[in-house]
Amino acid sequence: AAKTNVELRYVDGGAAVNRQAGQRTRLVEAHKAAAEFYQAQLATPEAAPARENLLARGFDRDAAARFGCGFSPDSFNALTNHLKAMGFTDQELLESTLVRKSEKTGSVYDFYRGRLMWPIRDQGGAVIGFGARKLLETDQGPKYYNSSDSPVYHKNKVLYGIDLAKAPIGKKKQVVVVEGYTDVMACHLAGVDTAIATCGTAFTEEHV
C-alpha cells in the first residue's frame with residue numbers, strides 16, 4: 001500500500017462490515033443468475049427481434065456470447081419467478097434493482113421486459129448491472145435503460161467493458177472511450193481491445 005500510495009482505512013464494527021459483504025455477495029449472485037437467464041432467453045423464438053438487432057450491427061452468435069448479450073422476455077415476472085425459485089427474496093431482488101414493486105398489489109415484477117440485454121461487469125468480471133435496449137413498439141420506455149444505483153452498481157464509477165479492457169489498458173498505456181455498448185463490442189472485435197464506455201451518464205472524474 002505504501003509503495004503504491006494507497007491509503008488503508010480501518011473500519012470498526014466487524015458485524016456491520018460482514019453484513020455489507022454478505023449483501024454484496026447475494027446481489028452479485030442475483031445479477032449473475034439474471035445474466036445467465038437472459039443469455040438463455042436469447043435463443044428463444046420470442047427473442048428474434050434481439051437477434052436481428054445484433055445481426056444488423058454485424059454481431060453474430062459468437063460475438064453475442066463473448067459479451068454475454070441476452071434477452072429479457074416481455075413478461076411480468078419471468079425473471080422474478082426464476083430468481084425466487086433459486087432462493088432469492090423479494091427484498092434482495094428489490095435491492096438489486098432487477099425488479100420493482102407494484103404500488104397497487106405490493107408484488108414485485110420484472111423491470112426489464114422485451115429488451116436486448118448487456119451485462120455490465122466490474123473490473124473483476126462480476127455482473128453488477130445491465131444495459132437494456134428497447135425492441136418492441138409497445139414498449140413506452142426510453143431507447144435505453146441502464147441499471148439504477150444500488151449497493152453494487154454506481155453509475156459514476158462504472159465503465160462498460162473494463163473487465164475485458166483492463167489488462168490491455170495496463171499493457172498499452174492507453175484507453176479508448178466510446179459512447180455505448182455496441183461501440184465497445186465493435187472496437188474489441190476489430191482489435192481495439194482498450195475500448196470502454198460510460199453507462200448512460202457523463203464521463204466523470206471518478207471514471208477517470
Side-chain angles (χ1 to χ4, degrees), residues 18-54 61 64-122 124-158 160 163 180-182 199-201:
N18 288 337
R19 282 197 298 273
Q20 290 175 353
Q23 179 194 41
R24 176 181 170 80
T25 297
R26 289 292 289 171
L27 297 186
V28 168
E29 288 174 350
H31 278 88
K32 178 183 178 182
E36 292 171 348
F37 174 81
Y38 291 143
Q39 281 184 270
Q41 296 300 309
L42 188 60
T44 64
E46 185 188 356
R51 295 192 298 272
E52 291 167 2
N53 185 283
L54 289 168
R61 181 182 298 179
R66 177 176 173 182
F67 290 88
C69 297
F71 175 73
S72 53
D74 187 20
S75 165
F76 184 75
N77 55 9
L79 176 69
T80 299
N81 290 342
H82 176 75
L83 294 180
K84 290 176 75 169
M86 295 179 68
F88 293 99
T89 66
D90 284 1
Q91 185 60 35
E92 287 173 332
L93 297 183
L94 287 167
E95 290 174 353
S96 75
T97 74
L98 292 167
V99 307
R100 297 289 190 272
K101 178 181 283 189
S102 169
E103 294 182 0
K104 292 183 179 180
T105 66
S107 59
V108 297
Y109 60 90
D110 295 3
F111 178 63
Y112 304 108
R113 288 179 276 180
R115 288 182 171 245
L116 175 57
M117 305 295 296
W118 284 270
I120 301 170
R121 298 183 172 92
D122 64 15
V127 180
I128 56 174
F130 288 93
R133 189 193 191 284
K134 180 165 68 173
L135 297 169
L136 309 177
E137 292 184 2
T138 54
D139 189 336
Q140 299 300 309
K143 184 176 180 180
Y144 280 94
Y145 274 131
N146 299 284
S147 283
S148 302
D149 278 6
S150 75
V152 296
Y153 182 90
H154 305 284
K155 65 182 179 181
N156 289 336
K157 298 180 180 179
V158 173
Y160 177 72
D163 55 311
Y181 310 110
T182 55
C199 299
T201 186

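These figures come from a predicted structure and were not determined experimentally.
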Heavy-atom pair of closest approach, residues V158 and C199: CG1-SG, 3.9 Å
Taking every non-hydrogen atom, the tightest pair across G131 and I120: N-CD1, 3.8 Å
Ring centroid separation F111 to Y145 under 6.0 Å: yes
Distance in Å, Y153 OH paired with K157 NZ, rounded so as to fall on 0.5 Å steps: 13.0 Å
I128 side chain reached by H31 side chain, heavy atoms, under 4.5 Å: no
L116 side chain near L54 side chain, heavy-atom distance below 4.5 Å: yes
Any donor-acceptor N/O pair, N77 side chain to N81 backbone, under 3.5 Å: no
Closest heavy-atom pair and its distance - G141, K134: O-NZ, 3.0 Å
Min side-chain heavy-atom separation F37-F71 under 4.5 Å: no
Side-chain heavy-atom pair V108, R100 within 4.5 angstrom cut-off: no
Side-chain ion pair, K84 and D110, N-O less than 4.0 Å: no
Test item: side-chain donor near acceptor, Q41 and E46, under 3.5 Å: no
Aromatic contact, Y38 with F130 (centres under 6.0 Å): yes
Exam field: side chain E92 to backbone T89, donor-acceptor pair closer than 3.5 Å: yes
Pair E29 + K32, salt bridge at N-O below 4.0 Å: no
Donor-acceptor pair, side chain of R51 and main chain of T44, under 3.5 angstrom: yes
W118 and Y144, any side-chain heavy atoms less than 4.5 Å apart: yes
Where S150 and T97 come nearest, the two heavy atoms and their spacing: CB-CG2, 4.0 Å
Minimal non-hydrogen separation, S102 against Y109, with atom names: N-CE2, 3.6 Å
Any donor-acceptor N/O pair, R115 side chain to A132 backbone, under 3.5 Å: yes
Test item: S96 side-chain N/O and L93 main-chain N/O as donor-acceptor pair under 3.5 Å: yes
L79 side chain reached by L83 side chain, heavy atoms, under 4.5 Å: yes
Over 12 foreign heavy atoms within 6.0 Å of CZ, R61: no
Closest non-hydrogen atom pair, S147 against G129: OG-CA, 3.3 Å
Student check: side-chain heavy atoms of K155 and N146 closer than 4.5 Å: no
